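Quick note: numbers below take in every heavy atom, side chains included, and nothing from hydrogens, waters or symmetry partners. Owing to the predicted nature of the structure, the values given are computational and were not obtained by experimental measurement.
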Amino acid sequence: MTRMLVTGASGFIGRAVVAAFAARGVLVRAGMRHAPQRALPAGAEAVQYPDLERRFDWRPYLEGIDQVVHLAGIAHSRAAPALYERINREATVELATAAAAAGVKHFVFVSSIRAQGGPSVDHTLSERDTPAPTDAYGRSKLAAEDAVRAAGVPFTILRPVVLYGPGVKGNFALLLAAARSPWPLPVKDFVGRRSLLGIDNFVSALGFVLASPAANGETYIVADPGMPPRLPDVIATLREAAGRSPMLLPFPPNYLEALLRLAGRGEVWERLGASLQADPGKLLAAGWQPAHDTRSGLIALAQAETRDRSTMPPRTPTPKT
């Protein structure tokens, strides 16, 4: 029976990975810094490791492990470059080196599309592009990729774009909140297209590379198939799937861009209105079969949220004193 270590198992992606592979009969060692706040599925055990800011011995966590899925890291939180270097690169070096010594059969490092470029690009990214990260986060992820390649462990590297799904946090959670709001949104004229990735598509891509000997030593972009949506497409799809009108208003995007750049928040514009298209063609050509395109994934997400809200018990008013 396959035994898998998943780092970062308490996060949005980690919870989905643990649940999916435990359901497939894999014995999952769910690695996390803190005790789990919810029960793990049958077939999964929680193990706690120290904060990745300091070195520790990975060998006890790798004992008997066949596969490693390394998700743990620090993302877009304006951290000091040294912290990205320590957590994203150095900790990955230590884990990959220990995994090689332990005889791990397959090490999957979940990197990021930001290892290839900045928050926006003027062409569709593919693995053929020379990586050109623009910030400390992207550079630390790219350096970690190089470290995994040099560690001597059988590996696959995945570069996912922004993920979405139930329980998502970060920028996409803010987008969901905007779509749920009752207000019209002035985004009708936004033309930038951004690739997205449904969490179930990510899990299926992970399962594919773990099962495919041809994926050994390869690096893959992971994104939903098909044409990436514009911001107004995303808002309209989420609202229509919830049975609402899109309520999109025209507004010149260049005005918003100018205001944000004058305020020193140009990165907000690049994540909101500019384009970042990524081509998953290499992974598709290898045989990956995603579960859905972005529109279908967004519809399913909105409908699931609507069902969840409709089944929530009504709030009991707090008595005034």
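- With a 6.0 Å radius and a threshold of 12 heavy atoms from other residues, nucleotides or ligands, K188 has its NZ atom at or below the threshold.
- The shortest distance between side-chain heavy atoms of K105 and P154 does not fall below 4.5 Å.
- Here the straight-line distance linking atom CD of E218 with atom CG of L283 works out to 10.5 Å at 0.5 Å rounding.
- Contact check for V69 versus F21: no side-chain heavy atoms found under the 4.5 Å cut-off.
- Closest heavy-atom contact between P182 and R244: CA-NH2, 3.7 Å.
- Of the inter-residue distances, the one linking R114 atom CZ with L142 atom CG reads 12.5 Å to the nearest 0.5 angstrom.
- Side-chain atoms of Y84 do not come within 3.5 Å of backbone N or O of G73 as any donor-acceptor pair.
- Cluster annotation: V93 and W58 are assigned to distinct hydrophobic clusters (Ile/Leu/Val/Met/Phe/Trp/Tyr, side-chain heavy-atom contacts under 4.5 Å, transitive).
- Considering only heavy atoms from C-beta on, L301 comes within 4.5 Å of L176 through its side chain.
- The only member of I13, V222, L71, L158 that meets side chain to side chain contact (heavy atoms under 4.5 Å, CB included) when paired with L206 is L158.
- Here the shortest heavy-atom pairing between Y137 and S112 reads OH-CB, 3.4 Å.
- In R149, the CZ atom is crowded: over 12 heavy atoms of neighbouring residues, nucleotides or ligands sit closer than 6.0 Å.
- In this structure, the separation between CG on L185 and CG on L231 is 8.5 Å, given to the nearest 0.5 Å.
- Contact check for V18 versus M32: no side-chain heavy atoms found under the 4.5 Å cut-off.
- Between the side chain of T97 and the backbone N or O of E94, no donor-acceptor pair lies under 3.5 Å.
- Note on ring orientation: taking the six-membered ring where Trp is involved, the planes of Y255 and F251 are perpendicular (angle over 60°, cut-offs 30° and 60°).
- Follow the hydrophobic side-chain contacts under 4.5 Å out from M227 and you never reach L238; the two are in separate clusters.
- Side-chain N or O atoms of T7 include one that pairs as donor or acceptor with a backbone N or O of A72 at under 3.5 Å.
- No donor-acceptor pair closer than 3.5 Å links the side chain of R159 to the backbone N or O of A115.
- Residues S195 and P228 share a closest heavy-atom pair of OG-CG, 3.4 Å.
- In this structure, the separation between CD on E53 and CD on E90 is 11.5 Å, given to the nearest 0.5 Å.
- Side-chain atoms of R239 come within 3.5 Å of backbone atoms of P246 as a donor-acceptor pair (strictly under, hydrogens ignored).
- Hydrophobic clustering, with ILVMFWY side chains joined whenever heavy atoms are under 4.5 angstrom apart, groups V47 together with F56.
- Side-chain atoms of N216 come within 3.5 Å of backbone N or O of F155 as a donor-acceptor pair.
- F172 and V17 end up in the same hydrophobic cluster when Ile, Leu, Val, Met, Phe, Trp and Tyr side chains are linked at under 4.5 Å.
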Q.
Using the rule given for side chain to side chain contact (heavy atoms under 4.5 Å, CB included), can you reason through L125 versus L276, listing the C-alpha separation, both sets of side-chain angles and the distance that settles it, and then say yes or no?
A. CA-CA 8 Å; L125 289 174; L276 197 162; 4.3 Å; yes
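- Annotation for I235 and A179: closest pair CD1-CB, 4.1 Å, computed over non-hydrogen atoms.
- Two residues are said to be in side-chain contact when any heavy atoms from C-beta on lie closer than 4.5 Å; V68 and L95 meet this criterion.
- Between the CZ atom in R15 and the CG atom in L40 there is a gap of 11.0 Å [rounded to 0.5 Å].
- Residues D129 and V121 have side chains not in contact (no heavy-atom distance under 4.5 Å, counting atoms from C-beta outward).
- In the hydrophobic clustering of this structure, I299 does not group with L197; members are Ile, Leu, Val, Met, Phe, Trp, Tyr whose side-chain heavy atoms approach within less than 4.5 Å, directly or through other members.
- Atom CZ of R59 is surrounded by 12 or fewer heavy atoms from other residues, nucleotides or ligands within 6.0 Å.
- Once rounded to the nearest 0.5 Å, the distance linking CD1 of I199 with OG of S204 reads 10.0 Å.
- Under a 3.5 Å cut-off, the side chain of T124 and the backbone N or O of D279 do not form any donor-acceptor pair.
- A side-chain donor-acceptor contact under 3.5 Å links R230 to the backbone of F190.
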(Q) For D224 and D293: C-alpha separation, side-chain torsions, deciding distance, then whether side chain to side chain contact (heavy atoms under 4.5 Å, CB included) applies. (A) CA-CA 5 Å; D224 288 345; D293 61 10; 5.6 Å; no
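- Other residues, nucleotides and ligands contribute at most 12 non-hydrogen atoms within 6.0 Å of the CD atom of E63.
- Under the 30°/60° scheme for interplanar angles, the aromatic rings of Y164 and H292 are found to be tilted.
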Q. Which is it for D233 and R193 under the side chain to side chain contact (heavy atoms under 4.5 Å, CB included) test, yes or no, and what are the steps along the way?
A. CA-CA 9 Å; D233 299 331; R193 294 185 179 274; 3.9 Å; yes
Q: Please step through side chain to side chain contact (heavy atoms under 4.5 Å, CB included) for the pair L83 and N88, ending with a clear verdict.
A: CA-CA 8 Å; L83 192 60; N88 288 351; over 6 Å; no
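- Between the side chain of K282 and the main chain of T219, a donor-acceptor pair closer than 3.5 Å is present.
- Residues V108 and Q67 fail the side-chain proximity criterion, which asks for heavy atoms closer than 4.5 Å.
- Minimum heavy-atom separation, L52 to R86: O-NE, 2.9 Å.
- Across every non-hydrogen atom of A291 and N201, the tightest pair is N-OD1, 2.7 Å.
- Although no hydrogens or angles enter the test, the distance criterion places a donor-acceptor pair under 3.5 Å between the side chain of R194 and the main chain of A274.
- The shortest distance between side-chain heavy atoms of T156 and H106 falls below 4.5 Å.
- Taking the six-membered ring where tryptophan is involved, the planes of H70 and F107 are tilted, since the angle between them lies from 30° to 60°.
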